[in-house]
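Just so it is clear: chains get the letters A, B, ... in the order the sequence lines come, proteins before strands, and each one is counted from 1. Just so you know, these numbers use all the heavy atoms, side chains as well, and skip hydrogens, waters and symmetry mates.
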2 protein chains.
Amino acid sequence: MGVQLTLDKLLERAVDLFPDRELVTKLPDGSTHRYTYADAYERICQLAHALDELGLEAGARVGVVATNHYRHFELYFGPACSGRSIHMCNMRLPDHHFVHTIDDAEDEVLFVDPAFVEKVEANADDLDSVDQYVVLGSERDIPETDLEPVTDYESLLADHRTEYEWPDIDEDTEYGMCHTSGTTGLPKGVPYTHRAMYLHSVMGGHVDANAIGERDTVLPVVPMFHANGWGIPYGATFVGAKQVFPSIHTDPESIAHLIDEEEVTFSAAVPTIWLEMAEYLDENPEVDISNIDRLTVGGSAPPESLIRRYDEEYDAPILQGWGMTETSPLGTLSTLRKEVAELPADEQYEYRAMAGFPVPGMQVRVIGDDGEEVPRDGETMGELEVRSPWVTDHYHNRPEENEHAFTEDGYLRTGDVAVRNELGYVDVVDRDKDMIKSGGEWISSVQLENELMAHERVAEATVVAVEHERWQERPLAIVVPTSGADLTEDDLESHLAETFPDWWLPDAYEFIEEIPKTSTGKFDKKRLRDRFDIVLEADDGEEAER
Amino acid sequence: MGVQLTLDKLLERAVDLFPDRELVTKLPDGSTHRYTYADAYERICQLAHALDELGLEAGARVGVVATNHYRHFELYFGPACSGRSIHMCNMRLPDHHFVHTIDDAEDEVLFVDPAFVEKVEANADDLDSVDQYVVLGSERDIPETDLEPVTDYESLLADHRTEYEWPDIDEDTEYGMCHTSGTTGLPKGVPYTHRAMYLHSVMGGHVDANAIGERDTVLPVVPMFHANGWGIPYGATFVGAKQVFPSIHTDPESIAHLIDEEEVTFSAAVPTIWLEMAEYLDENPEVDISNIDRLTVGGSAPPESLIRRYDEEYDAPILQGWGMTETSPLGTLSTLRKEVAELPADEQYEYRAMAGFPVPGMQVRVIGDDGEEVPRDGETMGELEVRSPWVTDHYHNRPEENEHAFTEDGYLRTGDVAVRNELGYVDVVDRDKDMIKSGGEWISSVQLENELMAHERVAEATVVAVEHERWQERPLAIVVPTSGADLTEDDLESHLAETFPDWWLPDAYEFIEEIPKTSTGKFDKKRLRDRFDIVLEADDGEEAER
């Protein structure tokens, strides 16, 4: 019973029992790369030897700046199983945040997709911890670059032995880290332990959770730098399922074709993807997604109409999941407990549109202002708190935050405002008020506000989320110009564009005379959200950069 | 992530999310007891307080001599969650074995069904560790007894508080113990940790294992003193499933009616039960078992004809499981991996009749005489070795056996002879040669042999398993009388009956001139089994005592 819950067990099971199962990548150039768990295993062993040769000590972190593909998959295991840690870097962050995450993790090697070399290059002077850059490709894939020293991934692996004796690792050892931008300020590092992800992977196959089994073919559209690709690559490896990686091809058309060609049964993405895929399929009825057994959405809540549409048109139930970077990520899932499953289909949608039911192994509670659990009446709001072997128990390098983020009895304070009903379902009614979730990515309203208010002709400014047809939420800036100042949207947009990526920029600006305040003098965002309760229409042009 | 994997988490989940789910017991008198997880929880808390009042220290063991019923269920949690350990006693063992198990576990309190009071009484003088007897019933259920001190369970619980603050328990703490009679000599104690059973419970809900979920209604026919009732009561509690306990009503007719009335979806038993239930259902077509979704059999291999029959007549797939007391118990399960599921139904039976495929989290290998894994060709035999977080890493009080039972890298040597095929399925082709498995219970041939050879007119004797239509295996005694002696079956039967329970007694006796020996001078049981390759017919009379 002393067997440690470590990630090499996941990998070894896949290779032992399902050596011939395929891992398929649609490469950036549109071609398809196929190989098996047995093939991947040999390269993972080579990668581990290469890390040895680079002199990486146990516990050292390697950063990965990459889309979803087979090399990224190898990086999910090589560092972890050999006693190092993979830092999954979010390249969509503004530069100063991106640099902070690598700095904070002290990444010693940085593995970078060719497409992101330019972004890394632009920040290389600030990446003090990085001793080696590795471009994820073969020699001919390396773009001209000033990165130094730099090599390519295939050369790094070449000539190393294809077997490796994994060290005995204590299950409480960190195997990976993601940074969360889910709160204000600089992104915070969430360390993950082998034990946490092992348990999360077992749970992912539970019939009362995602029920990922060996017969599934999974397609994680969700980026692998987002909370372990929502845990799917690890969970699928544990059961030996076939996996399909889309690399840059995450547009609805490509995803639909991948589902068709590779006979995908399970996929996971933000609602936007499924919304747009449905539109594509309407126009292209020859594309067949009938192998899909179920879809999980996360990142933001799917509209009920979307769930109905997939039921009716594709017999593909959409399950909503709630989780955070801090929760590995799965916390709740809108599975239908028996009492709900026995309701008429029409009455089930109410439950299916909720954040969901705690997955096995996850303890949740909703705590009111009085510090007690709120009644399970579906109405009384409180803060959602969660506890599980796969919920982090600290942030990296954040002693102060660690004092506030966790309760004495080990629950994480999520910052989400939630209600529960009498059947135990959780619904998140209001997120951490300072964040905007656009197409599954966080935008910090506080950061935008600070930059707006740094403009000389702005007296006060705040940013709130408004509903958006395509991206679920987008930022709306509400600005009070300095007295008599001449201030336009264009002024503010060009000002913000100096600091933030395009997709962070507010979709609309409202100029008002005074921002309402709460009793404690803070901006009253709730009143503002009520006042500007608008729905923005999809506008492809504006979002083309994403 | 520091959350400990302890059994209070299982219980708390059920009570938190499924307080109204039912636990149903068909009581010995034929009436039905119903209550909910919320009700059970209150009594489990009362039980924990009662153990406190009895002065039981952390780690103390309580023995339970009981069939499957709600009080036994309470005993699955009360001692464990309050830091003690439940010792699940097998009352079917011969007296001297039964006494040994209690002595070996040092049970301080013994909880006994009224029906087994007589057996305990007969051995009470030898139960030195027991300070308190508790009859599992209310005051009026206590039979006249010499046990001292004795109380009844309901009086023990009465007046205690219905809430209890579970202590913080390290997950590596023992929560329970079973004794295995699966080898020669005295039964060996297998200690289980909280962590092991927590993990076994999560795995039990895995879609690639038994997939026990909250929508199931489970009926463990397998006794709760056999390897945690094959783990079902714990696994079902973890998901909050409705549970049905049959107490003494494990005859096929009662089981069929329970399945019908309580809408059971999942059940587990030895093959004999399902064989006989099919016969009962043939004659009683009004009994409806259509809610059954799947059945697990274990203890011995089900005949292929039985699997076919349940497919064809009841659309209830039978899954074969392999496990041992040492493995908590689940090791392999004859689930259909994708490649098999895609075969024509008729070709699937070959796989479904095997011991099965390793469940998620279970590592298995078959080791040949050269110490290497045998080829996965479905033919080459070797010893089955298993490793998992829920496989025990030692026997209680058996330092010598512990040296041999485990490999250096932590695998348990099962003593089972197995082959593997190229898809990874395990088939057990020969069990530990000294054991006979009758209706799911072990009979030690060595014990019988020793007793036979103790008879003054026996020169040599051996006992082997022969196939039996109803009980799968029964003992056949092969005896060489001393020269010129007059020796009959009756002589031997009455001799053995002095020591062993009726159901251990051989079904047949063969008198021969010499027992063949192996090259090392041991009885060549293989040759004997080949020579006496007979099939015994079902004979209800002979087995009526069971």
Exercise for the section: Please examine the side chains of His206(B) and Val239(A), heavy atoms only from C-beta on, and report whether any two atoms are closer than 4.5 Å. Expected result: yes
Completion exercise
Scored by heavy-atom pairs under 4.5 Å with chain B, the best of Met203(A), Glu12(A), Arg21(A) is Arg21(A)
Problem - Engaged part of Arg376(B) at the chain A interface, taking heavy atoms whose separation is under 4.5 Å - result: side chain
Exercise for the section: Pick one of side chain, backbone, both or neither for Pro358(B), based on which atoms fall under 4.5 Å of a heavy atom in chain A. Expected result: both
Practice task
Would you check if Leu5(A) and Pro389(B) make a side-chain contact, meaning some heavy-atom pair closer than 4.5 Å?
Solution key: yes
Exercise for the section: Return the option, out of Pro19(A), Gly424(A), Ala211(A), Gly204(A), with the maximum number of heavy-atom pairs under 4.5 Å with chain B. Expected result: Ala211(A)
Exercise for the section: Could you tell me which portion of Thr327(B) (side chain, backbone, both or neither) has an atom closer than 4.5 angstrom to a non-hydrogen atom of chain A? Expected result: neither
Handout entry: Charged N-O contact under 4.0 Å between Arg215(A) and Glu339(B)
Key = no
Handout entry: Proximity breakdown for Asp16(B) and chain A, heavy-atom pairs closer than 4.5 Å
Key = both
Practice task
Determine yes or no for a side-chain-to-main-chain donor-acceptor pair under 3.5 angstrom, with Arg337(B) supplying the side chain and Leu17(A) the backbone.
Solution key: yes
Practice task
Evaluate the side-chain proximity of Arg387(A) to Val3(B): yes if any heavy-atom separation is below 4.5 Å, no if none is.
Solution key: yes
Exercise for the section: Return yes if some donor-acceptor pair links the side-chain N/O of Asp208(A) with the main-chain N/O of Gly213(B) below 3.5 Å, else return no. Expected result: no
Exercise for the section: Check for a donor-acceptor pair, side chain of Glu214(B) on one end and backbone N or O of Lys338(A) on the other, with a separation under 3.5 Å. Expected result: yes
Problem - Side chain / backbone / both / neither for Leu10(B) at chain A, heavy atoms under 4.5 Å - result: neither
Handout entry: Enclosure of Asp168(B) CG (heavy-atom neighbours >12, cutoff 6.0 Å)
Key = no
Fill in the blank from the handout: Closest heavy-atom pair, Gly361(B) versus Phe238(A), reported as atoms and distance to 0.1 Å, is N-CZ, 3.6 Å
Exercise for the section: Identify which part of Ala209(B) has an atom lying under 4.5 Å from any heavy atom of chain A, answering side chain, backbone, both or neither. Expected result: neither
Exercise for the section: With a 4.5 angstrom heavy-atom cut-off, could you sort out which part of Val359(B) is near chain A: side chain, backbone, both or neither? Expected result: backbone
Practice task
May I ask you to check whether over 12 heavy atoms, not counting those of Glu163(A), lie within 6.0 Å of atom CD?
Solution key: no
Problem - Contacting region of Leu336(B) [heavy-atom separation from chain A under 4.5 Å] - result: both
Exercise for the section: Report yes if the side chains of Leu199(A) and Leu199(B) come closer than 4.5 Å at any heavy-atom pair, otherwise no. Expected result: yes
